[in-house]
Each structure stands twice: as structure tokens, then as C-alpha cells.
Amino acid sequence: MAANNRRMSGKKGAQVGSGGQRRRGLEGKGPTPPAEMRKGHAKQRAAQAKARRAQGRTTQRRGGRSASELVVGRNPLVEALRGGVPASTLYVQQFIDNDERVREALQLAAERGGINLMEAPRPELDRMTNGLNHQGLVLQVPPYEYAHPEDLVAAAHDEGEDPLIVALDGVTDPRNLGAVVRSVSAFGGHGVLVPERRAAGMTAGAWKTSAGTAARTPVARATNLTRALEAYKKAGILVVGLAADGEAELGDVEALDGPVVIVVGSEGKGLSRLVGETCDVRVRIPMPGGAESLNAGVAAGIVLYEAARRRS
């Protein structure tokens, strides 16, 4: 009988205490999930790729951020604080000689508020500045928040005005960018557009040259300047390029009183070929004095004045 029991215990079937696992196994796992939700399926990979592209477009829509910047040296640092350059932290070397410039830097930082004061040993400041002659003072400028090219148009429409924008092509001097920002602010423009590569960005030098107007005049950054200008054209905005050999003279362009983007090239090379071909019209500024060219800040200021005069 014992042998028979042993044979019976080897039989398959439901066992006491199985919890109904066999029954649940027969019930199935429910409806098959969509292909986009099945791990490893081609449609799921395609959906994930699409999501990544959408996330990239969202990041681009924000306009992006520049890298943080350091202003080093006592005179440059004091001038930056005087000029309203945004700052997050002022690093002061331990046991620094407390001369007039150091006292003024500390006073300006304290008066402005919102700037952290940090004391650091000289080796740490040497490491931060890669060995530059910081003279015991280092100012950290936070990353600049660039707008998106579409934001400049939206800002104009929010104010019930036709867009007036300046785009810079190949301008690499931050001081020129700052001067253009200042002119755009002075003549009622709605912002400045710069390429993401091979172009000046909103550094401390640009902030200082703008004389504080960068705080209220947006600067947008485009991955591709030509495509950004083509998008403006599709939106009904006239793209006017400045060129010494332009086919029209500034005074003859009546469309400056409407939606317009003024494209300014570098002082030496002017507009690049693709950008020049994208422009609806290329305009020259008459110069009876015989000068060959104007820097970007001056040229933009002249055209902005003419546009503002016609709009008034």
C-alpha cells in the first residue's frame, strides 16, 4: 500500500495549497497590448524615436541657454558690475589686499543684491580661471536665456505692432551685438536674432555694451539662420539685407514701415551667400564720405532709425 501511495504522489494534477495557479493559467493574460507598448517591437522603437525628436524640438523652441561665464580682474569686474551685467557669485581671494577697486566691487555687489559672496584660496581661483591673472576677484555670470525666433514675432503681435527685428550674419564681436541690442531697444524694435554657431553671443561684454537694454530686449538664437529667415518670410515678414552693392538705396525702400527683418553682415565679409540669396531685397546705405563699410552696430542703428521714422 505504501508503494501505491508513492506512485500516486508522483502523478501530475492540482495539489492541495496550489492557490488555483493552474486555473489562473488557463484564464490567459488578457488582450494583447498595442504594438507601440510591446517591448522590442518595431512600432515601439519608432514611437520612442518620435518622442525623442519631439523633445528635441521642444528644447529648440525654448531657444537654449549659453554657458556660464567668468569675468576676471579687478578693473573688468568693477566695470561689469557698473554696467549692470547679471551676476550670480563674486569670488574673493582669501587675505586679498583691500584696495579701492576691491572695496568698490564688494559695495556694488552688496548694493545690487542677489549676488553671493564667496571667499576662496588663491589656488582655487587659479583653477577656476585656468591660470588667468584674476587679481583675486572673479565674477560668475549666469547662462543667458535665449529666446526662440518665433518669440520675437509673437512679442510684436502682442503689442499690436508689425515686427521689427535685426538678424546678424557672421558678427563675432560681442560689443557689436551689444550695440545692436541697444539700438533695437532705442528705436522700438522687438529683438535680435543670431546664429547658434560662429557668431557673438550674449557675453558679459555684450551685456555691458548694451548699457542695460539687454534686460528688456530679447535675443533669439537660431540653429540655422537661413531657415529662420525663410520661416519669417512665410509669416509675411520682409527680409531686408544690408549690402554695399545692394540693388536698392535705403531711402527708396518703402516697406520699412511694415513687418521687416533687417539682416546685417560682418564688417569685412558682409552677408554670406545663402543669407544674401534668402533676402527679399538687398539695400545699400549711401555714404557720401566714401567709407567702404560700417560696423554692424552703426549700420543697424541707421536702418532702425529710418524704420522708426517711417512708423511714427
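- Panel note: side chain R74, backbone Q135; a donor-acceptor pair is recorded below 3.5 Å.
- Shown here for P142 and P86, the closest heavy-atom pair between the two residues is CD-O, 3.5 Å.
- Atoms CG and NZ, from L271 and K269 in turn, are 13.0 Å apart once rounded to the nearest 0.5 Å.
- Using a 4.5 Å heavy-atom cutoff, the side chains of L137 and V102 are in contact.
- Here the OH-CG distance, from Y91 to L117, works out to 11.0 Å after rounding to the nearest 0.5 Å.
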| query | Can T223 and R197 be said to form a side-chain contact (heavy atoms from CB on, under 4.5 Å), step by step? | reply | CA-CA 8 Å; T223 305; R197 300 179 181 178; over 6 Å; no
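- At least one donor-acceptor pair under 3.5 Å links the side chain of Y144 to the backbone N or O of V219.
- Expressed to the nearest 0.5 Å, how far SG of C279 lies from CD of E247 amounts to 9.0 Å.
- When all heavy atoms of R216 and S185 are compared, the pair lying nearest together is NE-OG, 3.4 Å.
- Counting heavy atoms from C-beta outward, P218 and H190 have side chains that stay 4.5 Å or more apart.
- Between the T209 side chain and the G205 main chain, a donor and an acceptor come within less than 3.5 Å of each other.
- The pair E306-R309 meets the salt-bridge criterion, since a charged nitrogen lies less than 4.0 angstrom from a carboxylate oxygen.
- Looking at every heavy atom in both residues, P286 comes nearest to E249 through CD-CG, 3.8 Å.
- With hydrophobic clusters built from ILVMFWY side chains whose heavy atoms lie under 4.5 angstrom apart, V264 does not share a cluster with I237.
- Of the possible donor and acceptor atoms, none in the side chain of Q93 sits under 3.5 Å from a partner among the backbone N and O of L125.
- Contact check for I115 versus L108: no side-chain heavy atoms found under the 4.5 Å cut-off.
- Side-chain contact check for L193 versus V261: every heavy-atom pair is 4.5 Å or farther apart.
- Taking D169 as the reference, S272 meet the side chain to side chain donor-acceptor pair (under 3.5 Å) condition, with sequence neighbours excluded.
- With values rounded to the nearest 0.5 angstrom, E150 atom CD is found 10.0 Å from L152 atom CG.
- Residues that satisfy the salt bridge (Lys or Arg N to Asp or Glu O under 4.0 Å) test with D173, not counting sequence neighbours, are R175.
- The CG atom of L304 sits 5.5 Å away from the CG atom of L164 when rounded to the nearest 0.5 Å.
- To the nearest 0.5 Å, the span separating CD1 on I285 from CG on L294 amounts to 5.5 Å.
- Both L177 and L242 sit in one connected hydrophobic cluster of ILVMFWY residues. Membership requires side-chain heavy atoms under 4.5 Å apart, directly or through other members.
- Linking Ile, Leu, Val, Met, Phe, Trp and Tyr whenever their side-chain heavy atoms come within less than 4.5 Å puts V181 and V260 in one cluster.
- In this structure a side-chain-to-backbone donor-acceptor pair under 3.5 Å is present from D99 to R101.
- In plain terms, the two heavy atoms of M202 and A214 that are nearest each other are CE-CB, 3.6 Å.
- Formation of a donor-acceptor pair under 3.5 Å by the K233 side chain with backbone atoms of T278 is found in this model.
- Atom CG of D245 has more than 12 heavy atoms from other residues, nucleotides or ligands within 6.0 Å.
- Between the side chain of R311 and the backbone N or O of G258, at least one donor-acceptor pair lies under 3.5 Å.
- At distances below 3.5 Å, not a single donor-acceptor pair connects side-chain atoms of R227 with backbone N or O atoms of A222.
- Taking 4.5 Å as the limit, some side-chain heavy atom of L90 sits within range of a side-chain heavy atom of L106.
- Side chain of S210 to main chain of W207: a donor-acceptor pair is present (N/O by atom type, distance under 3.5 Å, no hydrogens or angles).
- The closest donor-acceptor contact from the side chain of Y232 to the backbone of V153 lies at 3.5 Å or more, if one exists at all.
- For L250 against R310, the heavy-atom pair with the smallest separation is O-NH2, 3.8 Å.
- Grouping the Ile, Leu, Val, Met, Phe, Trp and Tyr side chains by contacts below 4.5 angstrom, directly or via other members, places V171 apart from I165.
- Counting all heavy atoms, side chain and backbone alike, M128 lies closest to V138 at CE-CG1, 4.1 Å.
- Salt bridge absent: K234 and E230 never bring a charged side-chain N and a carboxylate O closer than 4.0 Å.
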